[in-house]
Amino acid sequence: MRTTTEPVIRLAAVTRRFGRGRSAVDALRGVSADLPAASFTAIMGPSGSGKSTLLQCAAGLDRPTSGTVTIGGDELTGMSESRLTKLRRDRVGFVFQSFNLVPALTARQNIVLPLRLAGRRADRAWLDELIRRVGLGERARHRPAELSGGQQQRVAIARALITRPAVVFGDEPTGALDLSTGREVLTLLREVVDTLGQTLVMVTHDPVAASYADRVLFLADGSIVEGMDAPTADRVATRLTRLGG
Ligand code: ADP
Ligand code: MG
């Protein structure tokens, strides 16, 4: 657990322009946000509003055109590609819509893969605890093809947590799951925030998914137009409709 009240992620006046000249697209137009430790933030907005670009810049997968991104006190701007790669590996976890598991490996092997790639040893107790927390149990010895979608996403969540990252980013993590499985995965994500103190940022289209977050940031045309605390699905849906999403 962190002892400081520093935000885990700080975005300061982040812009991202794609292309140049008359065909340039301003995907982000000066986004600033401080995300505290152990917070769950949902990012919403109409298609093309800049959600994915924001996530990519915040996670160090893409570089802002201007402005700064800070993760756990480290400013990403100006970092060399190799330092950025190391930061992503050690300090950031990812959960995608499409699970992205390695088919030939068991669930357990998939979970420890980020550590192995970093040349680090898995902490056996932590691995066992994660497997238990995400509810995999004996399933941990199975390969992805032998697991349901919800189980595969649980593997991906454990894999995102194995390095004890500063922040976990999710891009529509429940987008490929049926309704009730999606709710189970959201409940798990909420528990990960509440019991492990994990900081989590999730892009979603789904107002019910967003209602699991502590705060929703609404994007429109590359800018944050509103932050909503203690969101409910109804309030989120109403706001989204007004944004044209
Ligand atoms: P969202 O995830 O909210 O749908 P994106 O962040 O994907 O929005 O895109 C925001 C804007 O930036 C869109 O107009 C999109 O077309 C543009 N954009 C995103 N990525 C690129 C890229 N690699 N090259 C050019 N334009 C891009
Ligand atoms: Mg997107």
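Numbering of ligands and ligand atoms starts at 1, following listing order.
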**Message:** Salt bridge check, E81 against R63: does any charged N sit closer than 4.0 Å to a carboxylate O?
**Reply:** yes

**Prompt:** Salt-bridged, D128 to R132, with N to O below 4.0 Å?
**Reply:** no

**Item:** Pick from G45, G48, S23, S52: the one approaching atom 4 (O) of ligand 1 most closely through a non-hydrogen atom
**Value:** G48

**Request:** May I ask you to identify, for T53, whether its side chain, its backbone, both or neither come under 4.0 Å of ligand 1 on a heavy-atom basis?
**Result:** both

**Message:** If you compare all heavy atoms of V14 against all heavy atoms of T68, which two are closest, and at what distance to 0.1 Å?
**Reply:** CG2-O, 3.5 Å

**Message:** Can you name the atoms of ligand 1, numbered from 1 with element, that are less than 4.0 Å from a heavy atom of V25?
**Reply:** 12 (O), 14 (O), 17 (C)

**Asked** At a 4.0 Å threshold, what atoms of ligand 1 neighbour a non-hydrogen atom of P46?
**Response** 3 (O)

**Request:** Go through the steps for R89 and T163 under the test side-chain contact (heavy atoms from CB on, under 4.5 Å), then give the verdict.
**Result:** CA-CA 8 Å; R89 203 177 59 200; T163 59; over 6 Å; no

**Request:** Note the single closest protein heavy atom to atom 8 (O) of ligand 1, along with its residue, its atom name and the distance in Å.
**Result:** G50 N, 3.2 Å

**Message:** Among all protein heavy atoms in this structure, tell me which lies nearest to atom 22 (C) of ligand 1, with the distance rounded to 0.1 Å.
**Reply:** F18 CD2, 3.4 Å

**Prompt:** Within the structure, does at least one protein heavy atom fall under 4.0 Å of atom 12 (O) of ligand 1?
**Reply:** yes

**Item:** atom 25 (C) of ligand 1 protein-contacted (non-hydrogen atom, under 4.0 angstrom)
**Value:** yes

**Item:** Sub-4.0 Å heavy-atom contact, G19 with ligand 1
**Value:** no

**Asked** Given T15 and S66, is the side-chain hydrogen bond (donor to acceptor under 3.5 Å, both in side chains) satisfied, shown in steps?
**Response** CA-CA 5 Å; T15 73; S66 66; 2.6 Å; yes

**Prompt:** Closer than 2.8 Å to the Mg ion (ligand 2), do we get an N, O or S atom from S52, backbone or side chain?
**Reply:** yes

**Prompt:** So among L105, V112, T106, which one has a side-chain contact (heavy atoms from CB on, under 4.5 Å) with R108?
**Reply:** T106

**Request:** Report yes if some N/O of A27 lies less than 3.5 Å from some N/O of ligand 1; otherwise report no.
**Result:** no

Show the atom names and distances, to 0.1 Å, of all donor-acceptor pairs under 3.5 Å that link a side chain in residues 48-61 to residues at least two apart or in another chain.
from : atom 1 : to  : atom 2 : distance (Å)
S49  : OG     : P46 : O      : 2.6
K51  : NZ     : G45 : O      : 2.9
K51  : NZ     : P46 : O      : 3.0

**Request:** Starting from the C-alpha separation in whole Å, work towards a yes-or-no answer on side-chain contact (heavy atoms from CB on, under 4.5 Å) for M44 and L243.
**Result:** CA-CA 10 Å; M44 301 196 86; L243 286 176; over 6 Å; no

